[in-house]
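Shown next, in structure tokens, is the structure this report addresses.
Because the structure is a prediction, the values reported are computed rather than measured. Note: hydrogens, waters and symmetry copies are ignored here, and every other heavy atom, side chains too, is used. Read the numbers this way: they start at 1 and go in the same order the structure lists the ligands and their atoms.
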Amino acid sequence: MRLLSATLAPLLALFLWRSKYTLYYNMLTKMDLPDGYYFKGDVSSHCRPVNSKPDSSFKYCEDASFWENYDAKGTLEERRLIISCDSGRREWNTVMGPLLNPTPRGSLWVHSPKLGDTTRLTLENFPPEHTFHPLGVEAYPSYSGNASYMYVVNHAANKTVIEQFLLSPSSSVAKHIRTLSHPLFLASNALALTSPTSFYVTNDHVFTKRLPYVGAVVPMVETVFGLPLSFTAHVTVDPDETASGNAVLSHKIVAPFVAYSNGIALSPSGDEVAIASTSIGTVYLYSRNTTTNALAFSASVQLPFPPDNVKYDHDGNLVAAGHPHFPTLLKLLARKVNVSPSWVASISPVKGGVSPESDSRATLSASKIVPPPKHHTVQTLFQSNGETFSTSSTGLLDTLTGNFYVTGLYAEEGAMVCH
Ligand SMILES: *[C@@H]1O[C@H](CO)[C@@H](O)[C@H](O)[C@H]1NC(C)=O
Ligand SMILES: *[C@@H]1O[C@H](CO)[C@@H](O)[C@H](O)[C@H]1NC(C)=O
Ligand SMILES: *[C@@H]1O[C@H](CO)[C@@H](O)[C@H](O)[C@H]1NC(C)=O
């Protein structure tokens, strides 16, 4: 016992030290954020809900990703947005709780910036008895109108699985191909595709809310102490669509021992991967071996908030969105408050030794909270005390249209777009 505590105490102290900014600024104190700040101008004239016809299913949207549509000549025509929402999240959330009612299904949506509309995808061939609670979603680009695969993390009633669909740009139907299962899809959260039939997938916890008896406490300890237990894997699935039982051909852990691995993204060049470590407020960058999909750590960037999802823009800047005040998020879950703060920032490599900007335009600049990273700049794109937009979980920048999107884990309007 003495040996155990002699080993454990310094380890816990080390983990706490690594999460010191997050503990102090995002848990123990509450920062003073504006109602709404948008880096391109006034929020009220630039930003509006993504879905112009409000729909009671279009809310509580955890993830969104670009679905790139190329024409026959290989020119990028449009970056549509695929959005995963779950209006039943207050009754079923395997990451934060509660686990009350898994029956009402979540939904998937496609937003077209060209048409300006947001359409709900109809799930075709989806087994009627399956429950559906979508989190991470990503679809392979479509070329000259062909259908492409979409993968969706599903926090289903029994266990977490990954659903594979086929999606065509000319219809609003997602055809279910099969359900992918693996013993190590423990708490899968976000996906980044490396081919039509392979992807990286994060696991946010090793101890989950689903565990009998200890599920109420142990996952919270894993979160608050920033225990580096969770991991990212690279998964290959059988290109033969009819293979269902053993559709997962390989599952390789490529980034072990990261605290609360949450969002993940693959850079446009394909040679960098970003993983958000929520509980220590950090994004880890890795260089990727494009042949083997192995990852080698290259840099870490401390953020002024615990990042949720991360997405690259087309120029290779990373956009991270997150939750600047964890206790308010917990109060929102307990229905004690209606909104919780948002912060979205971009992380860009410093080119040619130019000295980093200090995010001086933001109402609350990142550099007031955390030391600036050595080889990157952090720029605030959006921040809010929750009044303008609540619980930001994903931010995306579309370099084609200039649109900036934010989705909200518990946002009543689901997602916002700023022009
Ligand atoms: C979930 O588990 C129950 C009980 O083990 C089983 O009857 C049911 O078929 C399972 N549902 C799915 C969708 O796998
Ligand atoms: C669509 O076309 C691209 C490019 O030819 C190809 O890589 C992809 O596998 C195709 N998708 C499907 C679902 O066949
Ligand atoms: C990728 O991994 C392979 C096999 O280990 C190795 O031969 C190759 O040099 C690696 N590529 C890079 C760019 O590191």
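The aromatic rings of F126 and H176 stand perpendicular to each other, their planes meeting at an angle above 60°, with 30° marking the opposite boundary.
Within a 4.0 Å radius of atom 7 (O) of ligand 3, the protein contributes no heavy atom.
At least one heavy atom of T292 sits closer than 4.0 Å to an atom of ligand 3.
Put simply, the side chain of N203 gets close to the backbone of A187: a donor and an acceptor are under 3.5 Å apart.
Considering only non-hydrogen protein atoms, atom 14 (O) of ligand 3 sits nearest to N289 ND2, 3.6 Å.
At a threshold of 4.0 Å, the pair K311-D63 counts as salt-bridged, since one of the basic side-chain nitrogens sits closer than that to a carboxylate oxygen.
Side-chain polar atoms of H419 and R48 form a donor-acceptor pair below 3.5 angstrom.
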